[in-house]
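The structure appears below as structure tokens.
When reading the values below, keep in mind they use all heavy atoms of this one structure, side chains included, and skip hydrogens, waters and symmetry mates. Both ligands and their constituent atoms are indexed starting at 1 by order of listing.
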Amino acid sequence: MRVLVTGGAGFIGSHLADALLARGDDVIVVDDLSAGRVARLDPQLTLHKVSITDAGALTAVVRASRPDLICHLAAQIDVRASVDFPAADAQVNVVGTVNVLEAARSVGARVLFASSGGALYGRDAPIPSREDVLPLPESPYGIAKYCAEQYIGLYNRLHGTSHSVLRLANVYGPRQDPAGDAGVITIFCASALAGGTPTIYGDGAQTRDYVHVGDTVNAFLAAADRGRPGTWNIGTGVEVSVLDLVAIIGDIGGRPLTPRFAHTRPGELLRSAVAVDRPASELGWRALTPLADGVRGVYHWIEAGAPDRAAC
Ligand SMILES: NC(=O)c1ccc[n+]([C@@H]2O[C@H](COP(=O)([O-])OP(=O)(O)OC[C@H]3O[C@@H](n4cnc5c(N)ncnc54)[C@H](O)[C@@H]3O)[C@@H](O)[C@H]2O)c1
């Protein structure tokens, strides 16, 4: 297959590009490098430094490379930035996705879209949240992802396409930016190694569903091989609290991690986990990496200097 990965120089996208290459696919990467890094990419990959907000440039790349499949991961991923700058968020996450869908339409490519399992389901959704719960996002980022999903559903009805949606829970693993503020596992591992004091917002009882990037990549591969459209939660179904993470990282580092507590951040969900029976039955996929093993991998990756080309 010829596969174009938008956001392919990012954390998840670069692992996905590696996995596609490893199974013999032709891979093309589109990334504006706003958060991505060239050093994450296998040197044999072709990178087009293009923004998905530039419809003309994007369509030119897609027409020239004629992919069978577009894995669409390029996004503005900072939830708090989406609250401060909702129009800028929508420009990338909504309009950018429409541009990807139009470019895909011009060559008949199928699209797999990286949506969010953590930001879509509202605070009253049953836990673990199933795909058929009505989304009630708590942020412009969540609204934009939901809106983009609606466009995908519309394109399938209007144009007979087979685009699909993967609602990713909290993905973690090597290459997640330890300097950024996406990824509590990376941040806490970095803090533990530096002998620092990680900050917990709230009492630490808030839960998330942490899914390893290797498992996440396998979900994309499974969805790529399934021709029919669908919407799948990609997570573990297990709630893990911030305090659980602190304990796991303390065990790995051989000394307890002592956090500092700060005020809860407005809009933060108290609980989140996604139901995973649908991807199991429809894609034959489930997360396989035990949390402690995955966190140990992140810890050792940071200990090794957080190399850009670390495997997952
Ligand atoms: N990491 C998670 O836990 C998580 C959870 C749910 C959903 N997702 C989704 O998965 C996808 C990948 O996330 P990630 O964690 O790898 O983030 P990331 O920031 O590492 O990757 C996103 C990539 O998109 C690129 N990008 C941003 N704006 C662009 C634009 N206008 N044009 C072209 N490229 C652009 C960035 O440079 C970056 O390389 C995103 O769509 C994100 O919303 C991630």
Side-chain angles (χ1 to χ4, degrees), residues 4-18 28-41 45 47-55 57-58 61-62 70-79 81-82 85 88-100 103 111-121 137 139-149 152 165-187 208-213 215-217 219-220 232-236 272 274 287 294 298 308 312:
L4 188 147
V5 182
T6 74
F11 159 49
I12 304 170
S14 65
H15 282 297
L16 176 59
D18 283 349
I28 305 113
V29 165
V30 165
D31 200 299
D32 70 351
L33 301 180
S34 54
R37 284 198 297 277
V38 178
R40 285 196 181 115
L41 294 174
L45 282 171
L47 165 70
H48 297 274
K49 186 174 179 295
V50 163
S51 173
I52 57 166
T53 59
D54 183 344
L58 177 67
V61 169
V62 170
I70 298 180
C71 295
H72 175 35
L73 288 85
Q76 189 300 111
I77 67 158
D78 186 331
V79 174
S82 82
F85 307 104
D89 178 83
Q91 190 62 32
V92 177
N93 292 347
V94 180
V95 178
T97 300
V98 174
N99 291 339
V100 169
V111 175
L112 299 181
F113 173 58
S115 185
S116 168
L120 231 63
Y121 304 114
S139 65
Y141 169 82
I143 289 285
K145 287 288 186 186
Y146 185 40
C147 184
E149 287 192 4
I152 284 168
V165 172
L166 286 84
R167 290 183 178 164
L168 313 182
N170 286 66
V171 185
Y172 74 96
R175 301 188 193 173
Q176 194 164 29
D177 199 346
D181 56 5
V184 66
I185 290 177
T186 312
I187 294 165
R208 296 291 178 267
D209 181 337
Y210 295 98
V211 60
H212 192 260
V213 67
D215 290 324
T216 306
V217 163
F220 274 94
W232 304 287
N233 284 336
I234 302 301
T236 66
S272 172
V274 296
V298 173
D308 277 320
C312 60

task: Give yes if a backbone or side-chain nitrogen or oxygen of Ala74 is under 3.5 Å from a nitrogen or oxygen of ligand 1, and no if not.
output: no
- prompt: In terms of atom number and element, which parts of ligand 1 are under 4.0 angstrom from non-hydrogen atoms of Ser51?
  reply: 30 (C), 31 (N), 32 (N), 33 (C)
task: Under the ring pair (Phe, Tyr, Trp, His ring centres under 6.0 Å) rule, collect the residues that match up with Tyr210, sequence neighbours excluded.
output: none
field: Under 4.0 Å to a heavy atom of Val92 - the qualifying atoms of ligand 1, by number
entry: 28 (N), 31 (N)
message: Using heavy-atom distances only, which candidate in Leu58, Val29, Ile12, Thr216 approaches atom 13 (O) of ligand 1 most closely?
response: Ile12
query: With a cut-off of 4.0 Å, which atoms of ligand 1 are near a heavy atom of Lys145?
result: 40 (C), 41 (O), 42 (C), 43 (O)
- request: Enter the distance from Thr186:OG1 to Phe11:CZ here, rounded to the nearest 0.5 Å.
  value: 6.5 Å
query: Taking atom types as modelled, is there a side-chain donor on Gln91 or Thr53 under 3.5 Å from an acceptor on the other?
result: no
message: Please list, in number order, the atoms of ligand 1 under 4.0 Å from a heavy atom of Ile52.
response: 30 (C), 31 (N), 32 (N), 33 (C)
- prompt: What atoms of ligand 1 come closer than 4.0 angstrom to any heavy atom of Asn170?
  reply: 3 (O)
query: Does ligand 1 have any atom that is closer than 4.0 Å to a heavy atom of Ala9?
result: yes
message: Please report the interatomic distance CG(Leu120) to CG(Leu168), rounded to the nearest 0.5 Å.
response: 11.0 Å
message: Does ligand 1 come near enough to Ser115 that some N or O of the ligand is less than 3.5 Å from an N or O of the residue?
response: no
query: How would you list, by chain and number, every residue that makes a ring pair (Phe, Tyr, Trp, His ring centres under 6.0 Å) with Tyr172, sequence neighbours excluded?
result: His212
- prompt: Does the N or O separation between Phe11 and ligand 1 drop below 3.5 Å for any pair?
  reply: yes
message: Between Arg167 and Ser116, do the side chains contain a donor N or O and an acceptor N or O under 3.5 Å apart?
response: no
field: Contact check: Gly117 vs ligand 1, nitrogen or oxygen atoms, below 3.5 angstrom
entry: no
query: Backbone or side chain, does any N or O of Val171 fall under 3.5 Å from an N or O of ligand 1?
result: yes
message: Checking the N or O distance criterion of under 3.5 Å, is ligand 1 in contact with Ser116?
response: no
field: Those atoms of ligand 1 less than 4.0 Å from some heavy atom in Tyr141
entry: 7 (C), 8 (N), 42 (C), 43 (O)
query: Does some non-hydrogen atom of Gly96 fall short of 4.0 Å from ligand 1?
result: no
query: Just how far is it from atom CG of Leu58 to atom CG of Asp32, taken to the nearest 0.5 Å?
result: 11.5 Å
- line: ligand 1 atoms nearer than 4.0 angstrom to some heavy atom of Ala114 are 10 (O), 11 (C), 41 (O)
- prompt: So is Thr53 polar-close to ligand 1, meaning N/O to N/O under 3.5 Å?
  reply: no
- prompt: Can any side-chain N or O of His15 pair as donor or acceptor with the backbone N or O of Gly10 at less than 3.5 Å?
  reply: no
query: When Asp209 is tested against each of Asn170, Asn233, Thr236 for side-chain hydrogen bond (donor to acceptor under 3.5 Å, both in side chains), which residue passes?
result: Thr236
- request: Hey, could you give me the OG1/CD1 distance between Thr6 and Ile70, rounded to the nearest 0.5 Å?
  value: 8.0 Å
task: Report the part of Val50 in contact with ligand 1, treating N, CA, C, O as backbone and CB onward as side chain, heavy atoms under 4.0 Å; options are side chain, backbone, both, neither.
output: backbone
query: Taking the minimum heavy-atom distance to atom 5 (C) of ligand 1, which of Gly10, Ala119, Ala169 ranks first?
result: Ala169
Main-chain N/O of Gln76 paired to Asn93 side chain as donor or acceptor, under 3.5 Å: yes
field: Spacing of Ile234 atom CD1 and Phe220 atom CZ [to the nearest 0.5 Å]
entry: 8.0 Å
- line: Quick note on ligand 1: atoms under 4.0 Å from a heavy atom of Leu33 include exactly 37 (O)
